[in-house]
Amino acid sequence: MASTQEKATPCCIPKTNDDVSKKTSSSSSSSSTEVLQNWSLAVGSGPVPSEDPIPKTASMATLIRPVEPISDPSAAKIATTKGISIMPRAQTSHPLDPLSAAEISVAVATVRAAGATPEVRDSMRFIEVVLVEPDKHVVALADAYFFPPFQPSLLPRTKGGPLIPSKLPPRQARLVVYNKRSNETSIWTVELSEVHAATRGGHHRGKVISSKVVPNVQPPMDAMEYAECEAVVKDFPPFREAMKKRGIEDMDLVMVDPWCVGYHSNADAPSRRLAKPLIFCRTESDCPMENGYARPVEGIHVLVDMQNMVVIEFEDRKLVPLPPADPLRNYTAGETRGGVDRSDVKPLQIIQPEGPSFRVNGKFIEWQKWNFRIGFTPREGLVIYSVAYVDGNRGRRPVAHRLSFVEMVVPYGDPNDPHYRKNAFDAGEDGLGKNAHSLKKGCDCLGYIKYFDAHFTNFTGGVETIENCVCLHEEDHGILWKHQDWRTGLAEVRRSRRLTVSFDGKIEAEVKLTGILSLGALQPGETRKYGTTIAPGLYAPVHQHFFVARMDMAVDCKPGEAFNQVVEVNLKVEEPGKDNVHNNAFYAEEELLRSELQAMRDCNPLSARHWIVRNTRNVNRTGQLTGFKLVPGSNCLPLAGSEAKFLRRAAFLKHNLWVTPYAREEMYPGGEFPNQNPRVGEGLATWVKKNRSLEEADIVLWYVFGVTHVPRLEDWPVMPVERIGFMLMPHGFFNCSPAVDVPPSATDLELKDNDIATKPIQNGIIAKL
């Protein structure tokens with residue numbers, strides 16, 4: 001990872017993507033929609049970004065006497081670079097830090113060396129290499145005594161003082177390996193150490209802890225497979241002949257987008273690794289980004305064996321003419337409608353002359369009273385760990401242990417071929433993280449930005465790095481709170497600021513949908529009821545986007561404590577009678593969700609339904625249990641029949657909320673391998689059948705939210721951003737508003753110093769207005 005100075009830039013040229021951009025489209029994706037995911041901490045904020053100073057670096061806490069001394073050569077010096085404070089480091093890799101490029105290389109080399117024969121080693125393909133996240137007590141130990149800001153209060157007190165080990169357990173890597181020769185998928189665990197991770201010349205190896213073959217599954221597809229599949233299809237003589245019938249002989253214009261086949265019948269069983277490509281064709285032009293998705297090629301059926309990389313089924317079923325070249329198809333600068341971009345947009349710059357208010361130490365972030373860690377996985381993309389709020393004399397108060405998006409499903413509503421097979425699992429079939437891209441290529445973050453790189457393995461075991469994959473920045477977020485006294489005319493106003501990881505006291509998750517529609521071709525004069533005609537010969541099928549947020553909560557729970565519960569709140573109208581003589585009464589009714597089956601819930605805007613995660617042992621000053629509430633945004637459920645094929649693999653979409661007690665192996669709502677999965681309801685829908693108790697537990701929330709997309713002409717050629725999401729808001733967590741101590745902005749202070757708007761307004765009515 002580059003130094004902070006190299007990765008912190010005072011501004012960024014806005015182009016196409018967002019804070020954390022996870023590209024789930026392009027030729028290796030299930031959908032042409034880009035998904036931009038943000039986790040934002042919105043806190044009572046201070047002055048506007050251009051005026052807020054950097055908090056001074058806090059001194060390190062005194063360590064309790066360890067059994068063996070822990071050297072900290074970097075603690076004596078606090079490195080700083082322009083704008084961003086760098087805190088002292090005590091160890092090289094925190095237990096939750098993503099694997100480094102060196103660690104990935106060691107893990108791959110260790111597994112490859114363990115292959116029984118040269119043939120086995122040569123046929124290994126590496127789907128995923130990720131950190132084995134340690135138990136929560138190991139994380140607590142690391143945060144208490146091994147890594148700044150050193151928080152001994154995380155561990156329970158013991159007689160005679162704590163017994164501190166001299167070092168943490170070695171880090172481990174988990175590898176998903178596909179054997180291209182045998183069509184087998186295996187899972188390996190490799191132990192790493194500081195020496196192993198150093199990789200002197202690549203000769204050091206890790207230690208294989210375990211390995212097992214997982215039967216009857218197919219792992220996610222890889223971009224290398226997609227590229228090879230495209231080449232195989234374009235070289236297939238019957239395909240070239242079919243394209244020639246449509247007037248296309250130049251194969252460089254042809255785009256072959258492989259899609260996972262899903263599971264519709266035994267023909268899709270995981271005994272074969274299959275893909276059904278969609279075909280598109282670019283128009284010859286001088287545009288550097290000619291939009292080939294404006295010319296879908298329909299009527300051609302192709303099935304590819306991805307293991308052996310051969311076309312096993314081909315049929316030119318129907319000669320559908322290529323749509324005419326749409327003059328509005330392109331979206332690059334100078335290529336839009338009329339060929340001239342608007343010229344009346346003036347520059348907008350966000351300036352923070354004293355730098356940002358956050359501090360960064362590796363992957364540990366401190367911002368105002370929040371602190372947390374960031375991680376990254378090839379499947380989920382951004383992961384937020386150990387979210388906590390430092391609350392005065394109450395100290396560090398945990399909110400959540402781990403937050404991430406664990407799945408995205410995009411089912412299409414057109415029953416015609418090939419669109420009925422479009423029901424992509426973007427995380428489980430492709431990987432949200434692996435489809436992220438470098439924000440060097442275009443970023444719409446403004447202000448002072450801290451970038452983070454991401455490392456993952458490619459199909460053959462090499463290490464790839466996405467530079468500037470994640471960005472961290474502050475945003476002015478409008479008014480935080482305001483009040484005006486109508487008698488005096490005096491007003492107090494504070495501006496809100498949020499820290500966005502591409503997190504008042506609330507955590508906001510936002511998904512921004514944008515990108516190119518996945519289109520179909522129409523015969524002359526034809527219309528389709530299952531979509532919108534976008535241009536002559538082109539239509540966009542209706543579809544839905546669903547996201548699953550997994551939230552391992554820890555509201556006011558120290559490591560090892562399981563003192564959370566979930567209550568559902570519905571607003572009820574009071575029955576007419578002596579308690580409601582004016583017929584205006586309503587009240588909030590709470591119901592404790594006692595078990596998993598009871599906790600399968602749906603949103604209900606008619607009753608303002610929401611859910612509160614409460615600590616069963618902590619109370620606020622009024623005696624109420626402290627908590628955080630999940631506030632739904634706009635949402636929907638699948639618009640499909642109960643026997644829809646995609647619901648076999650996506651039974652978790654049937655409810656908006658699921659609640660489970662924490663179990664280490666329960667990570668993905670559709671199971672670990674949804675690609676070509678023949679098993680009905682694997683994952684979340686099966687786990688909850690245990691009906692485990694939730695009355696006092698280590699709670700995990702699974703929130704399913706989505707949007708139904710009926711395409712508009714205005715969504716073409718590139719869909720403007722549409723936002724969906726939800727919030728986690730404190731509910732009795734604080735004794736009053738945590739935002740009242742936010743200082744006024746510099747502008748407000750200048751107005752008061754100049755005696756502007758400080759005299760009472762005589763006309764009370766005007767003051768009220």
Side-chain angles (χ1 to χ4, degrees), residues 23-33 218-246 248-265 267-268 270 272-282 291-320 322-323 410-412 414 416-426 429-431 434-435 459 515-521 538 540-541 543 645-646 675-676:
K23 188 173 182 181
T24 57
S25 61
S26 80
S27 62
S28 62
S29 165
S30 58
S31 166
S32 295
T33 303
Q218 281 294 338
M221 294 289 185
D222 186 85
M224 287 186 178
E225 291 181 285
Y226 288 146
E228 191 175 351
C229 176
E230 180 176 49
V232 166
V233 172
K234 289 166 71 170
D235 284 342
F236 190 61
F239 176 77
R240 299 174 73 95
E241 185 63 29
M243 293 304 298
K244 187 175 181 180
K245 290 180 182 178
R246 290 159 175 80
I248 303 298
E249 297 189 40
D250 184 358
M251 286 294 110
D252 289 339
L253 298 176
V254 177
M255 299 160 50
V256 179
D257 283 13
W259 282 53
C260 297
V261 297
Y263 187 87
H264 291 75
S265 68
D268 301 324
R272 300 183 298 174
R273 188 166 175 81
L274 303 174
K276 285 196 172 182
L278 298 179
I279 314 300
F280 303 88
C281 184
R282 289 188 291 268
N291 183 5
Y293 294 105
R295 298 182 80 195
V297 180
E298 293 209 358
I300 297 178
H301 166 80
V302 186
L303 182 66
V304 179
D305 178 342
M306 301 291 279
Q307 176 192 358
N308 301 301
M309 211 51 74
V310 294
V311 175
I312 56 177
E313 291 182 14
F314 181 86
E315 185 180 356
D316 191 354
R317 293 176 173 173
K318 186 178 181 180
L319 183 58
V320 180
L322 286 178
V410 187
Y412 278 69
D414 188 340
N416 296 290
D417 189 41
H419 308 289
Y420 76 94
R421 281 188 171 269
K422 294 180 181 177
N423 41 72
F425 287 61
D426 283 273
E429 291 180 340
D430 290 293
K434 292 184 78 169
N435 281 292
F459 203 41
I516 299 176
L517 297 169
S518 181
L519 303 180
L538 283 176
H543 56 279
K645 297 298 185 182
F646 76 90
N675 185 19
Q676 295 180 238

Chemist: Would you give the length of the straight line joining atom CG of D250 to atom NZ of K244, rounded to the nearest 0.5 angstrom?
Modeler: 13.5 Å
Chemist: For the residue pair F239 and F314, categorise the inter-ring angle as parallel (less than 30°), tilted (30 to 60°) or perpendicular (more than 60°).
Modeler: perpendicular
Chemist: Is there side-chain contact between I279 and P277, with at least one heavy-atom pair below 4.5 Å?
Modeler: yes
Chemist: Hey, are K422 and D414 close enough for a salt bridge, meaning a charged N less than 4.0 Å from a carboxylate O?
Modeler: no
Chemist: Kindly compute the distance separating CZ (R273) from CG (N675), expressed to the nearest 0.5 Å.
Modeler: 6.5 Å
Chemist: To the closest 0.5 Å, what do you measure between CG (L303) and CD1 (I312)?
Modeler: 4.0 Å
Chemist: Is K234 atom NZ crowded by more than 12 heavy atoms from other residues, nucleotides or ligands, each under 6.0 Å away?
Modeler: yes
Chemist: When rounded to the nearest 0.5 angstrom, what is the spacing between CD in E241 and CZ in R246?
Modeler: 10.5 Å
Chemist: To the nearest 0.5 Å, tell me how far D222 CG sits from E228 CD.
Modeler: 10.5 Å
Chemist: Short question: side chain of H543, backbone of P541 - any donor-acceptor pair under 3.5 Å?
Modeler: yes
Chemist: Nearest 0.5 Å please: distance from the NZ atom of K434 over to the CG atom of D426.
Modeler: 14.0 Å
Chemist: Identify the heavy atoms of M255 and G292 that sit nearest to each other, and give their distance.
Modeler: SD-CA, 3.5 Å
Chemist: For the pair Y226 and D430, evaluate side-chain contact (heavy atoms from CB on, under 4.5 Å) and give the outcome as yes or no after the intermediate values.
Modeler: CA-CA 11 Å; Y226 288 146; D430 290 293; 2.4 Å; yes
